[in-house]
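Here is the structure we will look at.
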Protein chains: 2
Amino acid sequence: MRNTLQRELVYDIVMNSSDHPSADVVYERARRMMPRISMGTVYRNLKQLAEAGRIREIRISDDSNRYDKTLHTHAHFRCRVCGRVTDIETECGAAVPANGFSGKLESTDILFGGVCADCAAREEA
Amino acid sequence: MRNTLQRELVYDIVMNSSDHPSADVVYERARRMMPRISMGTVYRNLKQLAEAGRIREIRISDDSNRYDKTLHTHAHFRCRVCGRVTDIETECGAAVPANGFSGKLESTDILFGGVCADCAAREEA
DNA sequence: TGATTTAATAGTAATAGTTACTGATAGCGA
DNA sequence: TCGCTATCAGTAACTATTACTATTAAATCA
């Protein structure tokens, strides 16, 4: 994997973000530093960095994928009102398949959906 | 909610499928019974039936949504080789957010990815 | 039962997220 | 420094899904 300015920029943006940015958001932030960078480059590098294990891809159906600097498996919560994605602890730690599963496990995604505390309070008012 | 032939057909197809069909697959099966049914109708009814709690929507990022006759929360495994989605038991039962989460929880999706036993055996050969 | 209301339909167009393509550029090994 | 080729910018294409519109048909009611 070549060490290009574009790839390092994309990587730095994810590593300095704590808000689980989507490709779109990474693109907007990247353009501030490198105005001619293209969307395709951002997508390609996010995918490659995730494949290389340098960042983590959070797959969110019915929404765009997000990218996370935190590498270890952990659950996420997505607020359907504000769209924010936050880390969340689960009671049993990381879920694992019970005995009896005989395939090859490669990824685990735990996604909770609902309304975050902030938006719930705002809805009350 | 009106009781249309199209809606009952879509519902019956999901209830008689154990392979977690996507909207596309439901559409193909529906056309065999009702050739003039449209894709939009299938999508609309799957969404409405899921909202009404009569079927369950399985959200699979980087792939189309699937639909399940089983209503209670349970984890799924998706094989990246053959694309099949199967039910899977987890060691700790259903994951729940740890104490400290103060939002409103509405959905839980646990998705494992990897290679199923069949495809793994085939890759060996 | 037949008229009326309106949710739902078929068919089509549009949207969003993402990937593919193409000629030009630049990282890196020799 | 030269040459190879991965990567780039820009654009087109693709896929899953939703939106739109005129038409149809459930359900309500006289």
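When reading the values below, keep in mind they use all heavy atoms of this one structure, side chains included, and skip hydrogens, waters and symmetry mates. Throughout, protein chains are lettered first and strands after them, A, B, ... in sequence-line order, and every chain is numbered starting at 1.
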Problem set entry | Comparing B:Thr4 and B:Asp63 on DNA chain D - which has the more 5′ nearest nucleotide |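 Taking each residue's closest nucleotide, the earlier one in sequence belongs to B:Asp63.
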Problem set entry | Earlier contact from the 5' end, DNA chain D, for B:Met39 and B:Gln6 |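 Result: B:Met39.
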Expressed in angstrom and rounded to an integer, what is the separation of [X] atom [atom1] from [N] atom [atom2]?
X	N	atom1	atom2	value
A:Met34	D:dT7	CE	C1'	12 Å
A:Arg2	D:dG3	CZ	C1'	11 Å
A:Arg7	D:dA6	CZ	C1'	8 Å
B:Ile37	D:dT24	CD1	C1'	14 Å
A:Leu5	D:dA6	CG	C1'	14 Å
A:Ile60	D:dA16	CD1	P	20 Å
A:Leu9	D:dC8	CG	P	11 Å
B:Asp24	D:dC14	CG	P	16 Å

For this session: Using a heavy-atom cut-off of under 4.0 Å over every strand shown, decide if B:Arg44 touches base, sugar-phosphate, or nothing.
Result: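 Since a base atom lies under 4.0 Å of B:Arg44, the category is base.
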Exercise. Counting any heavy atom closer than 4.0 Å, what does B:Asn65 reach on the DNA or RNA strands: base, sugar-phosphate only, or nothing?
Worked result: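 Result for B:Asn65 = sugar-phosphate.
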Exercise. Between the side chains of A:Arg7 and A:Asn45, is a donor N or O closer than 3.5 angstrom to an acceptor N or O?
Worked result: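 Indeed, the side chains of A:Arg7 and A:Asn45 share at least one donor-acceptor pair under 3.5 Å.
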For this session: Among A:Asn65, A:Ile60, A:Val85, find the residue that satisfies the side chain to side chain contact (heavy atoms under 4.5 Å, CB included) test when tested with A:His20.
Result: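 Only one option passes, and that is A:Val85.
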For this session: Shoot me the first and last contacting nucleotide of DNA chain C against chain B, ordered 5' to 3', at under 4.0 angstrom to non-hydrogen atoms.
Result: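 Using the under 4.0 Å cut-off, the span is C:dT6 to C:dG11.
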Exercise. If every non-hydrogen atom of B:Met1 is compared with every non-hydrogen atom of B:Gln48, which pair is closest and at what distance?
Worked result: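 Minimum heavy-atom separation between B:Met1 and B:Gln48: CE-O, 3.8 Å.
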Problem set entry | Below 4.0 Å: OP1/OP2 of D:dT17 and any side-chain N or O of B:Tyr43 |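 So the side-chain polar atoms of B:Tyr43 do come within 4.0 Å of the phosphate oxygens OP1 or OP2 of D:dT17, strictly under.
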Exercise. Do A:Arg66 and A:Asp19 sit within salt-bridge range, that is, some charged N less than 4.0 Å from a carboxylate O?
Worked result: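 Salt bridge: no.
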Problem set entry | Cation-pi check, A:Arg54 onto A:Tyr11 ring (under 6.0 Å, within 45° of axis) |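 Yes, A:Arg54 sits over the ring of A:Tyr11.
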For this session: Let me see the working for A:His74 and A:His72 under side-chain contact (heavy atoms from CB on, under 4.5 Å), right down to the final yes or no.
Result: CA-CA 6 Å; A:His74 59 287; A:His72 70 88; 4.0 Å; yes
For this session: Calculate, to the nearest 0.5 Å, the distance between atoms SG and CD belonging to B:Cys119 and B:Glu124 respectively.
Result: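 Those atoms lie 12.0 Å apart.
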